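Here the structure comes first, spelled out in structure tokens, and everything after it is commentary.
So you know, we letter chains A, B, ... as the sequences are listed, proteins then strands, and number each from 1. In this text the structure is predicted, and so the values were computed from the model without any measurement.
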Amino acid sequence: MIPDRFEYYAPTTLAEAINLLQQHPDETKVMAGGQSLIPLMKFRLATPGYVVDLRNVPHLDVLQERDGSLIIGAMVREARLESSALIRQRYPALLDTSSVVADPIVRNFATVGGNLAHADPANDHPAMMVALRATLLAQGADGQRTIPIDDFLVDTLETSLKPDEVLVEIRVPQPAPRSGAAYCKLERKVGDYAIAAVAASVTLDENGACTQAGLALTNVGPKAIRASAAESFLTGKPLNDETIREAAKLAAEAAEPGSDLRGPADYKRAMVRTLAARALRRAAQRATGSIAHNGNIGGGVA
Amino acid sequence: MTTQTTQTTQTTHKVTLTINGQPYTAEVEPRLLLVHFIREVAGLTGTHIGCDTTSCGACTVLVNGVPAKSCTLLAVQVDGAEIRTVEGLEQDGKLHPVQDGFVQEHGLQCGFCTPGMMLTAVALLERNPQPTEDEIRRAISGNLCRCTGYVNIVKSIQYAAKQMREAQATPAPAPVGAEV
Ligand SMILES: Cc1cc2nc3c(=O)[nH]c(=O)nc-3n(C[C@H](O)[C@H](O)[C@H](O)COP(=O)(O)OP(=O)(O)OC[C@H]3O[C@@H](n4cnc5c(N)ncnc54)[C@H](O)[C@@H]3O)c2cc1C
Ligand code: FES
Ligand code: FES
């Protein structure tokens with residue numbers, strides 16, 4: 001399968017990239033790793049007249065902690081997160097997520113920025129970023145703006161990025177003391193999108209009560225869904241079997257799954273409940289240091 | 001790099017790829033996929049097209065040492081890269097230890113997945129000379145094989161790993177795989 005014709009640009013500055021986007025804003029696609037865009041173009045589901053490849057734009061591959069956040073440049077590839085000691089030690093939930101995106105070969109090119117900008121409800125990073133309350137930095141002709149992840153994700157394959165804006169970086173708040181997060185995905189096989197997946201993030205106080213909870217769902221609705229009722233339920237409560245069970249039930253109620261090849265809707269809802277409990281348990285264990293940061297308590301990742 | 005643009009003519013780009021150490025330069029349309037550059041421009045047909053939908057890994061080549069599905073990269077996107085394909089594995093008439101492993105351990109039946117599978121294995125062993133079975137299975141999880149059931153593929157890679165470690169351990173600066 002061969003894509004339709006298009007013009008290709010590989011600008012060497014962000015300003016040049018934005019300038020190119022402004023020429024034909026509705027006919028131009030930004031390209032990161034191309035691992036979603038190229039398949040779409042081969043099927044001719046996407047037929048952009050112009051493609052602006054970000055590969056030569058400098059500084060989009062930063063991966064470091066700065067000013068209270070982990071900064072993930074939009075062009076950081078999944079494989080880089082997987083091999084990063086910083087990620088393994090401080091952000092194991094991002095390792096949970098990266099290591100279940102597609103397969104290891106796709107991950108050598110697929111980027112975190114592309115995963116978010118693509119905004120497929122089946123993409124794995126959006127829910128994790130919702131649970132972690134990430135913000136995104138976008139740059140366009142009018143300058144830069146930061147976008148909270150909840151405002152960034154609009155609908156299926158739709159974000160609040162303007163046609164002439166480039167996603168520059170993702171900012172994940174550095175974990176407060178006694179914080180932990182986790183991502184649990186159920187997939188039919190390696191390389192498949194989630195039947196369902198749940199991202200959880202918790203911060204506990206000295207007495208073990210939850211001061212902040214983040215819970216979000218993958219591929220059971222038009223976009224990554226924040227399970228707000230479950231989050232508010234957990235706030236102020238200790239995390240134990242009973243509260244986790246109740247939060248998981250609320251998370252399942254927040255899911256809006258459809259029936260498809262990956263299973264009927266009620267099966268997916270039941271899986272959300274199971275995965276939410278697992279993700280919360282693992283997040284709590286990480287928060288209290290009762291498992292090694294990169295530890296696997298089993299059963300979380302299918 | 002860019003030659004010309006009009007409404008009716010497609011702009012072409014001059015792309016140079018070094019494939020198995022040899023440079024290939026061609027004027028190509030941006031929509032030319034890397035796998036087509038390799039098979040049609042360079043004439044190296046050892047790289048297979050299976051699914052053509054980023055699923056099977058038959059088209060796997062190494063791009064700057066990293067496994068890539070060449071059906072899902074544009075040639076223009078990797079302009080200037082070093083590419084390794086199955087044709088580059090054999091050196092001086094001697095099979096690469098991974099190729100030898102696939103022969104010794106019957107790591108193939110129809111052979112369609114084999115070039116991609118071997119390149120993934122080569123990249124793994126260059127990064128991790130002593131992988132566990134689990135690490136091998138994870139590394140090849142983007143390469144599908146409809147014939148073997150994977151058991152002998154894992155054995156082939158373990159065989160190659162051992163050969164490569166033994167070759168490394170010999171004091172003489174012998175080329176990899178020189179010890180029989
Ligand atoms: C076989 C297969 C299985 C997969 N399985 C999974 C899976 O299980 N889970 C999962 O999450 N994903 C999966 N994916 C998707 C894959 O991970 C995507 O490639 C990735 O999410 C997109 O990243 P990319 O860098 O390749 O983006 P591209 O394909 O380059 O771009 C994707 C979209 O984002 C836009 N975009 C990219 N970067 C920017 C930017 N900086 N600014 C503005 N817009 C931008 C592009 O215009 C395009 O619309 C799978 C893909 C394949 C081929
Ligand atoms: S042909 Fe490229 S992945 Fe199957
Ligand atoms: S040997 Fe036939 S597909 Fe692997």
Next item on the list: Would you sort out whether B:T11 and A:Y8 count as a side chain to side chain contact (heavy atoms under 4.5 Å, CB included), showing the intermediate values?
Entry: CA-CA 8 Å; B:T11 308; A:Y8 172 85; over 6 Å; no

Next item on the list: Enumerate the residue pairs fulfilling side-chain hydrogen bond (donor to acceptor under 3.5 Å, both in side chains) with a member in residues 30-43 of chain B, sequence neighbours excluded, ordered by first and then second residue.
Entry: B:E29-B:R31

Notebook entry, point to check: Is the number of heavy atoms from other residues, nucleotides or ligands within 6.0 Å of CZ (B:R146) greater than 12?
Noted result: no

Check: For B:V66, does its backbone N or O pair with a side-chain atom of A:N108 as donor and acceptor, under 3.5 Å?
Finding: no

Margin query: Return the CG to CG distance between A:D53 and B:L74, rounded to the nearest 0.5 Å.
Written below: 8.0 Å

Notebook entry, point to check: At a heavy-atom separation under 4.5 Å, does A:M41 approach chain B through its side chain, its backbone, both, or neither?
Noted result: neither

Notebook entry, point to check: With only heavy atoms counted, which part of A:F6 is less than 4.5 Å from chain B, the side chain, the backbone, both or neither?
Noted result: both

Notebook entry, point to check: What pair of heavy atoms forms the shortest contact from A:M1 to B:L33, and how long is it?
Noted result: O-CD1, 3.6 Å

Checklist line | Shortest non-hydrogen contact between A:I38 and B:T72, atoms and distance | finding: CD1-O, 3.5 Å

Item checked: Which atom of B:N143 lies closest to which atom of A:I105, heavy atoms considered -> OD1-CD1, 3.2 Å

Next item on the list: Grab the two heavy atoms, one from B:T54 and one from A:P39, that are nearest each other, plus how far apart they are.
Entry: OG1-CG, 3.6 Å

Checklist line | Expected output: side-chain B:Q77 to main-chain A:G33 donor-acceptor under 3.5 Å | finding: yes

Margin query: Looking at every heavy atom in both A:P104 and B:G142, which two are closest together, and how far apart are they?
Written below: CD-N, 3.9 Å

Check: With only heavy atoms counted, which part of B:A139 is less than 4.5 Å from chain A, the side chain, the backbone, both or neither?
Finding: backbone

Notebook entry, point to check: Taking atom NE2 of A:H24 as the centre, does the number of heavy atoms from other residues, nucleotides or ligands within less than 6.0 Å exceed 12?
Noted result: yes

Item checked: Between B:T120, B:L73, B:T53, the one whose heavy-atom pairs under 4.5 Å with chain A are most numerous -> B:L73

Checklist line | Value rounded to 0.5 Å, distance of NZ in A:K42 from CG in B:D52 | finding: 3.5 Å

Note to self: To the nearest 0.5 Å, what is the distance between CG on B:L144 and NZ on A:K189?
What the structure shows: 6.0 Å

Check: Has A:L45 got more than 12 heavy atoms of other residues, nucleotides or ligands less than 6.0 Å from its CG?
Finding: yes

